[in-house]
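Below you'll find the structure, written out as structure tokens, and then a few comments.
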Amino acid sequence: MSDHSSSYEPSNGFTRWLDERLPIMRLMHGQFIDFPTPRNLNYLWTFGAILTFCLMVQIITGIILAMHYVPHGMHAWSSVEHIMRDVNWGDLIRYTHAVGASMFFLAAYIHMFRGLYYGSYKSPREILWILGVMIILCMIMTAFMGYSLVWGQMSFWAVTVITNLFTAIPVVGESITQWIWGGYSVGDPTLNRLLSLHYLFPFIIAALVGLHIWALHVVGSNNPVGVEAKTPKDSVSFFPFYVIKDGFAVIVFALLFAWFVFYAPNYLGHSDNFNEANPLQTPPHIVPEWYFLPFYAILRAIPDKLLGVIAMVAAICVLFVIPWLDTSKVRSTSYRPLYKPFFWLFVITCLALGYLGAKAPEGYYLLASQLFTAYYFIHFLVVMPLIGMIETPKQLPDSIAEDVLEDTSEAEKA
Amino acid sequence: MNLSFTAPFKTSKLSIAVLVVSSLFVSPLVFAAGGGDAPEIKRQEWSFSGFFGRYDKAQLQRGFGVYNEVCSSCHGLKLLSYRNLAEKGGPEFSKEQALAIAKEATVIDGVDDEGEPLERPGKLSDRFVPPFKNEAAARSVNNGAYPPDLSVMAKARTFHRHVPWYTEPYYWLYDITTGYEEKGVDYLYALLMGYKTAPRGVVLNDGMSYNTVFPGHQIAMAAPLSEDAVEYADGTPTTLDQHARDVSAFLAWTAEPHLNARKDMGKRVLLYLVILALLLYLAKRSVWSRVKH
Ligand code: HEM
């Protein structure tokens, strides 16, 4: 894919001069204009473009917020209110950043379920998938640190609860936690490093995204049928076909985004974060933002603190190894009749864990989170390896073109 | 339109249709209150809720009156400046009126030649002067309780509905599509209207009042409002309900001062995006009509 010859021709003296010295236009042309892309991609493949859009929105709004934000325990919370009240359009910049984090995760989760359904993590796309898991890990840390900057009650106590998890580490737990805090409790030094790292991480994410796209362009996109593109008939050029389709999808996504920013900006947040941080008063319910709820449910499903932490971390890290846990040769779940109901059971499991993460871990809620936590891991560790071995997949089409054009005579003409 | 829902409902095409239709109207919704002593808080109609919502400046002026004459003796508004009272999208008092309000306050500003604090009347650029010097002073005259600052109170409280779990997604969608951001305001209104004589068997601690919606039902603030507590210049009836509504609306504005501008801008942005989406869709269709896919 990356070795397809670029049809780039410098159009004037300057671009010819540039091309001989730094062929960046040639590179861009090859990767984003000519790039052959399977002709049968559905709208789930537009989420990559949507995620790029989200990252740019977070970085731009974040840089503006950082111009007005004060990372000090006494001033952080009021500096955020100062942004909301006194900075020109500050409320919109902040709401875009806060809602943007939610939209970013929404898009990332859809993008990941897309990959799981269509087997996009399988050979030769393992590195591409692993880079994706690294991105979601960094996103989780970035969003957690960003949320803490508001320094409201929920921010402060989320930092307290999560950093306290490190004390579960045997022997060195206590010292590690104090090292992270920069003191004997969550305080000013903690807040300062949270801002420093919250500013840094998005750029690490941007670098990982670069590698992710590079890896994508080496092997090419997977597609809903899951057979590789072989002949030129299977593909169309990225421009104009996918540029226009991605562009349309980004704007539709922006409509949803704008609805929240302008008409429900606080809906996804928590009212307790409008109370300034108070180390002496624990809030009645400490709940993370919605996008962390499934992991929070897993953490609390396990009565032992250390095991709970391990399970929560494992819930994400297990994704690193699924290219080797899935034994099926067939990529797309559409062609896997036995696996398909388990895939949907997994989706329901994630939604259920999200619901349970917001509830107090007691009674039936606790029992349900334990059952769903169990299935979360069983799905990867048992169902994926086993079904691939016993399943008879449906007949795959020979090529994308055959699938799209239905009969081969048409495929030959096209 | 006045829809009242009692859950559970049937999941069907009909309920989706109801959702879509009902989301077009911002309608007050009666929530089924469940279990025992759970407070029942209802969604109220506010001029500023939903897609077409805007503050009613006459209401904000009345609400400021209630705050100024009743609440301000105990509660501050530390995030507000007097100039905000004259700004667009708020109560929109005239500059002169706002200045007159500011001048009633005494501001400590700098020191004189002997190092003694200097006092002067407030200016438009000053922040609202808090009623107490510090938390200890506030507690000492309030029976040990602390009257919290009210600047963002309308966003710092919420309530939970008691509906069967399988209906929750329906309410999420309903709230998102109707842009329901006023849970905190509804709580404030319910709190101010929630003072009742304690039911038999409930023993109130010293200085506490019974309130149906306050968590635990014992609140250290005595019922601050009553009928005719404040005079209204515009002839609006001075009922308890009206006072509670007006001051809640005023606190909604102190918590979200740029709501009008935000919602106006939102309409332009959405319109622009819809047109752009349509154009891109047509362009996409025409480009893709060249190949089978
Ligand atoms: C991967 C991209 C990013 C994510 C997921 C993210 C996430 C978040 C979240 C969830 C919040 C709390 C929002 C709230 O409730 O108000 C936040 C706040 C903040 N972020 Fe980010 N952010 C990202 C990028 C950035 C960048 C690049 C910067 C600066 C260069 C930045 C600067 C800030 C600042 C100063 C705040 C605190 C002010 C506020 O609460 O609005 N962020 N971020």
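Lettering follows sequence order; numbering is per chain, from 1.
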When the 4.5 angstrom heavy-atom criterion is applied to Leu255(A) and chain B, the contacting part is both
If you take all heavy atoms of Ala264(A) and Gly179(B), which pair is closest and at what distance?
CB-CA, 4.4 Å
Sort Val250(A) into side chain, backbone, both or neither according to what part of it lies under 4.5 angstrom from a heavy atom of chain B.
neither
Pro38(A), part contacting chain B, at a heavy-atom distance under 4.5 Å
neither
Of all of Asp272(A), Asp91(A), Asp86(A), which one pairs up most often with chain B through heavy atoms under 4.5 Å apart?
Asp91(A)
Can you confirm whether Leu273(B) sits close enough to Phe257(A) that some side-chain heavy atom of one is under 4.5 Å from a side-chain heavy atom of the other?
no
For Trp259(A), which atoms come within 4.5 Å of any heavy atom of chain B: side chain, backbone, both, or neither?
both
Between Gln153(A) and chain B, which part of the residue has a heavy atom less than 4.5 Å away: side chain, backbone, both or neither?
neither
Closest contact, heavy atoms only, Arg85(A) versus His258(B):
O-NE2, 2.8 Å
If you count heavy-atom pairs under 4.5 Å between each of Leu259(B), Thr158(B), Leu79(B) and chain A, which one has the most?
Leu79(B)
Students often mix this up, so state it plainly: with edges at 30° and 60°, are the rings of Tyr281(B) and Phe248(A) parallel, tilted or perpendicular?
tilted
Please identify, among Ile244(A), Val236(A), Leu268(A), Val404(A), the residue contributing the most non-hydrogen atom pairs under 4.5 Å to chain B.
Ile244(A)
Side-chain heavy-atom pair Arg262(B), Pro265(A) within 4.5 angstrom cut-off:
yes
At their closest point, which heavy atom of Glu181(B) faces which heavy atom of Asn266(A), and how far apart are they?
OE1-N, 3.0 Å
Euclidean distance, Leu280(B) CG relative to Asp246(A) CG, rounded to 0.5 Å:
11.0 Å
Contacting region of Lys267(B) [heavy-atom separation from chain A under 4.5 Å]
both
Side chain, backbone, both or neither: which part of Val287(B) has a non-hydrogen atom closer than 4.5 Å to chain A?
both
Close side-chain approach of Tyr263(A) and Phe51(B), heavy atoms under 4.5 Å:
yes
Distance from Trp165(B) atom CH2 to Leu356(A) atom CG, nearest 0.5 Å?
9.0 Å
Mind ranking Glu256(B), Arg290(B), Met153(B) by heavy-atom pairs under 4.5 Å with chain A and telling me who comes out on top?
Glu256(B)
Angle between ring planes, Trp172(B) versus Tyr355(A), binned at 30° and 60°: parallel, tilted or perpendicular?
tilted
Could you measure the distance from the NZ atom of Lys155(B) to the NE2 atom of His270(A)? Nearest 0.5 Å is fine.
15.0 Å
In terms of side-chain geometry, is the basic nitrogen of Arg127(B) or Glu81(A) positioned less than 4.0 Å from the acidic oxygen of its partner?
no
Considering all heavy atoms of both residues, which atom of Tyr267(A) and which atom of Tyr180(B) are nearest to each other, and what is their separation?
CD1-O, 4.2 Å
Value for CE (Met265(B)) from CH2 (Trp89(A)), rounded to nearest 0.5 Å, stands at 5.0 Å
Can you tell which part of Ser286(B) gets under 4.5 Å to a heavy atom of chain A, answering side chain, backbone, both or neither?
neither
Lys263(B) to Phe262(A) - nearest heavy-atom pair and separation:
CG-O, 4.0 Å
